Amino acid sequence: MTEVSSLDSILAGTVTCHTQEDLARKLKEGRPLRVKLGVDPSSPDLHVGHSVQLRYLRRLQDLGHLAVLIVGDATAMVGDPTGKNATRPQLTRDEVDAHAETYLAQAGLILDMKQVEVVRNSSWFDHMGFMDAVRLCGSMTVARMLERDTFSERHKAGVPISMHEFLYPLMQARDSVEVRADIEIGGTDQTFNLLVGRELMRDAEQAPQVCITLPLLPGLDGVQKMSKSLGNAIGLTDPPRDLFGKAMSVPDALMPDYFRLATDLSEEEILKWLEGSPREAKGALALALTRLYHGEAAAKSASEEFDRIFRDKGLPDEIEESSLPPEMLVDGQGVWLVKALQRVGLVSSASEARRLIKGGGVRVDDQRVSDEQQHLAGGGTYVIQVGKRKFHRVVVP
RNA sequence: GGGGGAAUGCCCGAGUGGUUAAUGGGGACGGGCUGUAAACCCGUUGGCUUUGCCUACGUAGGUUCGAAUCCUACUUCCCCCA
């Protein structure tokens with residue numbers, strides 16, 4: 001690799017880099033750089049927001065560098081306070097273990113797993129004593145912690161901040177020392193945490209890591225950053241149908257971000273789509289995104305199915321089917337629709353089913369139901385539908 | 001350690017003894033319009049065997065014909081002082 005082209009290609013698509021001088025110096029050494037990305041196994045699935053960072057990391061791998069993935073199983077038990085207005089629930093070791101496993105499998109969808117070093121940060125934190133932690137705290141001042149908007153806002157608003165939350169940036173920084181990171185990447189909201197790493201590395205007489213921040217992808221609500229807990233995320237392992245459908249519901253204004261950050265379309269293609277009909281562009285976006293994780297064929301059929309269900313108001317390819325047990329039959333009337341809806345999980349309570357029927361949101365074999373007392377006659381098979389996209393086929397004994 | 005304040009439905013937040021699952025907003029869901037976008041309009045938003053019943057206003061008791069509202073204890077949080 002030539003150092004000049006590498007510098008440019010490393011900086012492409014990034015938001016900030018602290019510092020370019022350090023990066024240039026490291027590149028000059030001509031060795032593969034250790035690029036650290038910490039993942040917080042606080043939920044079992046990766047989403048398209050994570051893919052921005054993973055895809056960037058993959059690019060660096062392709063340039064010959066090594067990805068160092070830190071599974072933050074120790075830090076997950078603390079919880080990153082970034083962007084949170086409340087203390088996070090602490091996870092148990094078992095939960096974290098389970099999440100770490102699925103994370104790695106999912107990261108493999110994007111990264112070249114042959115060029116990855118995976119470490120759990122519990123492997124050093126578990127062995128640190130209390131006095132080590134005290135020493136770690138000594139490298140940070142309260143004033144600097146309180147400077148952080150996330151803390152100062154909470155503090156001003158009277159929202160409690162637990163002591164251990166101050167530990168998070170220090171732990172993340174400590175990880176950098178342990179793995180001797182050359183570069184650490186993260187979303188722009190991670191700037192502070194990344195920079196603390198530089199300080200701890202200097203204290204440990206290591207060359208400070210280069211901190212690279214990447215754009216954050218807004219979630220489907222178009223407001224907050226994509227996050228599973230906010231319910232605005234597109235999961236990497238979502239089935240093609242869901243992935244495609246969620247992509248279609250991205251607000252128009254966010255299409256450029258999604259195109260550029262989450263798909264592999266070229267800038268020319270993207271501009272071409274953005275200049276045309278928004279509906280067409282959205283379809284191209286959804287197709288490109290789905291293709292990335294499920295392949296061409298699955299993406300195509302998801303696209304066709306989407307048109308069929310929502311444009312032509314048809315039925316999906318596959319509809320989940322269940323048979324109702326005979327004890328649900330009410331003498332001579334069949335099965336009460338409300339109970340059937342509840343039974344197959346289309347609604348969570350009978351009251352909800354009644355409400356939906358009242359509101360005109362329930363269909364049986366494409367006929368809107370208006371009578372709460374509607375029963376499904378015995379010996380038949382029916383497609384029941386709630387809203388526009390929930391279908392279930394029930395077999396009534 | 002001392003003093004003051006607060007805890008209400010998914011979230012924020014009214015309500016301070018007597019029609020009421022509890023004003024309003026946000027979110028979510030359903031309907032209309034549509035491109036499962038945005039905007040807009042309407043409806044719903046504790047549960048059930050639903051013209052009625054049950055459970056709910058931090059927890060546990062108490063006063064009362066009657067409490068989210070009053071009293072006691074407990075728990076948690078916030079603020080001020082030290």
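Proteins come first, then strands; the chains are lettered A, B, ... in the order of their sequence lines, and each starts at number 1. Everything quoted here is computed from the prediction, not taken from an experiment.
- To the nearest whole angstrom, the two C1' atoms, one in B:G43 and one in B:G35, are 24 Å apart.
- As judged by a 4.0 angstrom heavy-atom cut-off over every strand, A:S349 is placed among residues touching the sugar-phosphate backbone only.
- Counting any heavy atom pair closer than 4.0 Å across all strands shown, A:Q385 reaches no nucleic acid atom.
- The neighbour count for A:E101 CD, taken as heavy atoms of other residues, nucleotides or ligands under 6.0 Å away, does not exceed 12.
- A:S266 and A:E269 are linked by a side-chain donor-acceptor pair at a separation below 3.5 angstrom, with hydrogens and angles left out of the test.
- Rounded to whole Å, the P atom of B:U50 lies 30 Å from the corresponding atom of B:A60.
- Residue contacts shown for A:G245 include a base, since a base heavy atom lies under 4.0 Å away.
- Comparing B:C48, B:G30, B:U50 against the side chain of A:Q342 picks out B:C48 as the nearest.
- A:V250 comes within contact range of the sugar-phosphate backbone alone, with a heavy-atom separation under 4.0 Å but no base atom that close.
- Taking only side-chain atoms of A:K339, from C-beta outward, the nucleotide of B:U45, B:A37, B:U49 with the closest atom is B:U49.
- Across all strands shown, nothing is found opposite B:U19 as a Watson-Crick or G-U wobble partner with both distances under 3.5 Å.
- Across all strands shown, the partner of B:A28 is B:U44, judged by Watson-Crick or G-U wobble contacts whose two distances both fall under 3.5 Å.
- The main-chain N or O of A:T191 is never found under 3.5 Å from a side-chain atom of A:T213 such that the two would form a donor-acceptor pair.
- Remark: P of B:G35 and CZ of A:F244 are 15 Å apart, rounded to the nearest angstrom.
- For A:E372 and B:G43, the CD to P distance is 18 Å, given to the nearest whole Å.
- For the C1' atoms, the distance from B:C80 to B:G17 is 33 Å, rounded to whole Å.
- Comparing B:G58 with B:U69, their P atoms sit 8 Å apart, to the nearest whole Å.
- Within the 4.0 angstrom heavy-atom criterion, base atoms lie near A:P278.
- Regarding A:K358, its NZ atom lies at a distance of 8 Å from the P atom of B:U45, rounded to whole Å.
- Atom pair A:D221:CG and B:C11:C1' shows a separation of 14 Å (rounding to whole Å applied).
- Atom P of nucleotide B:G31 and atom NZ of A:K390 are separated by 10 Å, given to the nearest angstrom.
- In this structure, CD of A:Q224 is placed 10 Å from C1' of B:G27, rounded to the nearest angstrom.
- Among the heavy atoms of the strands, none lies under 4.0 Å from A:R363.
- The residue among A:S348 and A:F310 whose nearest nucleotide of RNA chain B is located toward the 5' end is A:F310.
- Nucleotide B:A7: paired with B:U75 (Watson-Crick or G-U wobble, both distances less than 3.5 Å).
- Closest approach of A:Q333 and A:H375 over heavy atoms only: O-CB, 3.0 Å.
- Using a 4.0 Å heavy-atom distance criterion, A:R354 is classed as a base contact.
- Between A:D307 and A:R279 a salt bridge is recorded (basic side-chain N to carboxylate O distance below 4.0 Å).
- Taking the P atom of each, B:C48 and B:G1 are spaced 47 Å apart, rounded to whole Å.
- In this structure, CG of A:N232 is placed 19 Å from P of B:G26, rounded to the nearest angstrom.
- The gap from the P atom of B:C12 to that of B:A21 amounts to 24 Å, rounded to the nearest Å.
- Checking side-chain atoms of A:D73 against main-chain N and O of A:S122 turns up a donor-acceptor pair under 3.5 Å.
- Within the 4.0 Å cut-off from OP1 or OP2 of B:C29, not a single side-chain nitrogen or oxygen of A:R355 is found.
- Taking atom CZ of residue A:R279 and atom P of nucleotide B:G35, one finds them 9 Å apart after rounding to whole Å.
- Side-chain atoms of A:Q61 and A:Q115 form no donor-acceptor pair, as typed in the model, at a separation below 3.5 Å.
- Of the P atoms belonging to B:U45 and B:G24, the separation is 12 Å, rounded to the nearest Å.
- A gap of 15 Å separates the C1' atoms of B:A14 and B:G26, to the nearest Å.
- Candidate nucleotides B:G31, B:C48, B:G35 were compared by shortest atom distance to the side chain of A:K388, and B:G31 ranks first.
- Look at A:Q373 and you won't find any side-chain N or O under 4.0 angstrom from OP1 or OP2 of B:U50.
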Q) side chain to side chain donor-acceptor pair (under 3.5 Å) between A:Q190 and A:N193: does it pass, once the steps are laid out? A) CA-CA 5 Å; A:Q190 289 293 312; A:N193 293 355; 3.2 Å; yes
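- Remark: B:C70 base-pairs with B:G62. Criterion, Watson-Crick or G-U wobble with two distances under 3.5 Å.
- Distances shown here put a side-chain N or O of A:S351 below 4.0 Å from the OP1 or OP2 atom of B:C48.
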